[in-house]
Trainee: 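Pasting in a structure now, in structure tokens, and then I'll have a few things to ask.
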There are 2 protein chains.
Amino acid sequence: MAEAKGSNHTRRATYDLRQKIIHGEYPGGTRLLEVALAEQMGISRTPVREAMSRLAEEGLLERARGGGFVVRSFSYSDVVDAIEIRGVLEGTAARLAAERGAPEGKLRQIKAVVAQIDTCFEPSGQLRAFDAYSELNSEFHDLMAALCGSAIVQRELERVKSLPFASPAAFVLGGHRDDPSDRSLLMAQAQHRAIVSAIENREGARAEALAREHARFARGSLEATFIKGATEAEGLPGMALIVR
Amino acid sequence: MAEAKGSNHTRRATYDLRQKIIHGEYPGGTRLLEVALAEQMGISRTPVREAMSRLAEEGLLERARGGGFVVRSFSYSDVVDAIEIRGVLEGTAARLAAERGAPEGKLRQIKAVVAQIDTCFEPSGQLRAFDAYSELNSEFHDLMAALCGSAIVQRELERVKSLPFASPAAFVLGGHRDDPSDRSLLMAQAQHRAIVSAIENREGARAEALAREHARFARGSLEATFIKGATEAEGLPGMALIVR
DNA sequence: CAATGATGTAATGTATACATTGTTAAAACG
DNA sequence: CGTTTTAACAATGTATACATTACATCATTG
């Protein structure tokens, strides 16, 4: 479990803890003990505390009654609801962008990303095509969140997406890990294009409906992965957080 | 500035700091210094730090580059967007309650609150009618958030409402502080009733649209208060956070 | 036997000394 | 004169000792 990133103890502890939680080392409901973690990491309680506080902000931990922190646990329906909310908020971002008008520069940017995603489907046999799609997909969703220029909308969306299983990347990594030219990915890309088109044409209601449906699509894909069982779902981000 | 609530230093510090920020003692953008605050409150840096960390979770502070915390500042358009998001999320809560069905008990509860709000308009000359409306209004919104039974939806809504100017109470306290039988309050109450009816009849789209419009209505009322100028807006929760 | 209270332990809460860093302003250099 | 370096200071970061509280366990009592 990589120790990486940052110069100070708090950053390292935050990163380490986050990784361990996401990868299931501390299952949902586990109470995290400052002393134990501090010893284990070879640092004092202070930065451990600070790290837990930040992870609580992220939504990975919650403050326990009587002090301390507990790893947040999510049910299957929580996952569904979190993705629903992402869809609702992305829908709002898209609608506001359509209604208020998106700046030319940002529109050009998001169109460029859509065009780049297209190249991932080209049969040039790129081994990295899948990773590229994943990367560009995240970029698309970030740009969409920023398109209407509202810092508030952007911030809330970032918050929701910080739950690993609710992030747009979960869709890509969840469903279809072998075939980059999977029909689902093609379908999703068609939705990307439609969303941008709706925003450009100032069709607020259409933009909102499409963005929502786009998230629903991701949800359906995740559901399929769930049904396949734990083996298939192993590589899915944050799967370890989910308790039945 | 009351020192109230809780037995330990962290709670007191959190409460005090929150009050001071909301009441404008530390305007948006102010960097909060641990040492100064600790001295001022007669406690050590540790609980001050902890308090700031919690207020960052609430969204009142943000972590500054290079460490420390800064009071978050909001523009007028941030207020508009925050209320928009509240409306969108309340709309989602209402829609899901309609689609998935709300439990009988909770429905009875929210209907009881609606009935109680009606009594605030009775001409029995209650001096406390206005406060009662405010209290019951908050209760209505809390119940609406809980109606669909999704902890995720409820949590996100609580988060958004924790910004004082985005809370449902801001509408009541903002626009019309003198006349409990104000037409706006009557109108809002009519919306409450319609929302419940839509949920009960499983009309998801209607419930969502109504809940959204209800928040928009609050926003309009706030806008009017803004236009009246700072004098009128003085008693409005969190007004001090807003920088032009 | 149930309920309640005492008691010990293990956790978090708090204070404080010290370390590190980041920022500012002055001084040295080109 | 502008730029860059450096040194001092003031802030946060960290460790640690000590205080307090919460919880579990067991004893006591009705």
Side-chain angles (χ1 to χ4, degrees), chain A residues 1-21 25-73, chain B residues 1-21 25-73:
Chain A
M1 192 71 54
E3 278 255 340
K5 223 176 206 173
S7 44
N8 60 18
H9 291 169
T10 297
R11 281 184 206 214
R12 264 197 296 276
T14 305
Y15 181 82
D16 284 5
L17 247 182
R18 187 192 294 115
Q19 291 302 109
K20 284 180 179 172
I21 291 167
E25 188 150 338
Y26 304 112
T30 306
R31 180 166 190 169
L32 297 181
L33 304 181
E34 291 177 10
V35 274
L37 291 174
E39 267 179 35
Q40 192 178 320
M41 298 188 194
I43 59 181
S44 81
R45 282 171 52 207
T46 312
V48 172
R49 219 177 155 76
E50 178 70 18
M52 293 197 293
S53 183
R54 288 173 191 225
L55 294 177
E57 270 180 65
E58 273 181 40
L60 249 44
L61 302 180
E62 52 191 0
R63 294 181 189 276
R65 84 184 161 85
F69 295 84
V70 170
V71 178
R72 209 167 150 204
S73 70
Chain B
M1 191 72 52
E3 277 256 340
K5 224 176 205 174
S7 44
N8 60 19
H9 291 170
T10 297
R11 282 184 207 211
R12 265 197 294 277
T14 306
Y15 181 84
D16 285 4
L17 247 182
R18 188 193 294 113
Q19 291 302 108
K20 285 180 178 170
I21 290 167
E25 190 151 338
Y26 305 111
T30 306
R31 180 166 192 169
L32 296 182
L33 304 182
E34 290 177 10
V35 274
L37 291 174
E39 268 179 35
Q40 190 179 321
M41 299 187 192
I43 58 181
S44 81
R45 280 172 54 206
T46 312
V48 172
R49 217 176 156 76
E50 178 69 19
M52 294 197 291
S53 188
R54 287 171 192 227
L55 293 176
E57 273 181 59
E58 273 183 39
L60 249 43
L61 302 180
E62 52 192 358
R63 293 180 191 276
R65 83 184 163 82
F69 295 84
V70 170
V71 178
R72 207 168 151 205
S73 69

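Heavy atoms only: backbone and side chains are in, while hydrogens, waters and symmetry mates are out. Each chain gets a letter, A, B and so on, in the order the sequences are listed, and its residues count up from 1.
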Trainee: Can you pull the contact range of chain B along DNA chain C, 5' to 3', using atoms under 4.0 angstrom from its heavy atoms?
Mentor: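 On DNA chain C, the outermost contacted nucleotides are C/dG13 to C/dT23.
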Trainee: Please name all residues satisfying salt bridge (charged side-chain N to carboxylate O under 4.0 Å, His left out) with A/R31, sequence neighbours left out, ordered by chain then number.
Mentor: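 For A/R31, no residue satisfies salt bridge (charged side-chain N to carboxylate O under 4.0 Å, His left out) once neighbours in sequence are set aside.
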Trainee: Taking only residues two or more places apart in sequence, or in another chain, which ones meet B/R45 in a side-chain hydrogen bond (donor to acceptor under 3.5 Å, both in side chains)?
Mentor: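 Per chain and number, B/R45 pairs via side-chain hydrogen bond (donor to acceptor under 3.5 Å, both in side chains) with B/E34.
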Trainee: Which comes earlier along DNA chain D counting from the 5' end, the contact point of B/V35 or that of A/G42, where each point is its nearest nucleotide?
Mentor: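 Looking at the nearest nucleotide for each, B/V35 comes out on the 5' side.
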Trainee: Taking side-chain hydrogen bond (donor to acceptor under 3.5 Å, both in side chains) as the definition, give me every residue that meets it alongside B/Q40, ordered by chain and number, with sequence neighbours left out.
Mentor: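 Listed in chain order: B/Y26.
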Trainee: Can you work out whether A/I43 or B/G68 has the more 5'-proximal nearest nucleotide on DNA chain D?
Mentor: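 In this pair, the answer is B/G68.
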Trainee: Only counting residues at least two apart or in another chain, list the ones meeting side-chain hydrogen bond (donor to acceptor under 3.5 Å, both in side chains) with A/R54.
Mentor: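 So A/R54 forms a side-chain hydrogen bond (donor to acceptor under 3.5 Å, both in side chains) with A/E50.
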Trainee: Under a 4.5 Å cut-off applied to non-hydrogen side-chain atoms, are B/L61 and B/V71 in contact?
Mentor: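 When only atoms from C-beta onward are counted, B/V71 and B/L61 do touch, with a gap below 4.5 Å.
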Trainee: Please give me every residue in residues 44-57 of chain A whose heavy atoms get under 4.0 Å of an atom in DNA chain C, ordered by residue number.
Mentor: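 Here the set is A/R45, A/R49.
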Trainee: Shorter than 3.5 Å, N or O on both sides, protein versus nucleotides 21-24 of chain D: list them out with atom names.
Mentor:
| unit_1 | atom_1 | unit_2 | atom_2 | d |
| --- | --- | --- | --- | --- |
| D/dC23 | OP1 | A/R65 | NH1 | 2.8 |

Trainee: Distance check needed: D/dA11 P versus B/L37 CG, whole Å only.
Mentor: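 Checked: the CG to P distance equals 11 Å.
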Trainee: Do any N or O atoms from the side chain of A/R72 and from the backbone of A/G59 form a donor-acceptor pair under 3.5 angstrom?
Mentor: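 At least one qualifying donor-acceptor pair exists.
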Trainee: A/E58: what forms a side-chain hydrogen bond (donor to acceptor under 3.5 Å, both in side chains) with it, not counting sequence neighbours?
Mentor: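 Listed in chain order: A/R18.
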Trainee: For B/S44, what residues pass the side-chain contact (heavy atoms from CB on, under 4.5 Å) criterion, not counting sequence neighbours?
Mentor: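 Expected list: B/T46, B/P47.
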Trainee: Any sub-3.5 Å donor-acceptor pair from B/T14's side-chain atoms to B/T10's backbone N or O?
Mentor: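 Present.
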Trainee: Taking only residues two or more places apart in sequence or in another chain, which ones pass side-chain contact (heavy atoms from CB on, under 4.5 Å) with B/E39?
Mentor: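 With sequence neighbours excluded, B/E39 shows a side-chain contact (heavy atoms from CB on, under 4.5 Å) to no residue whatsoever.
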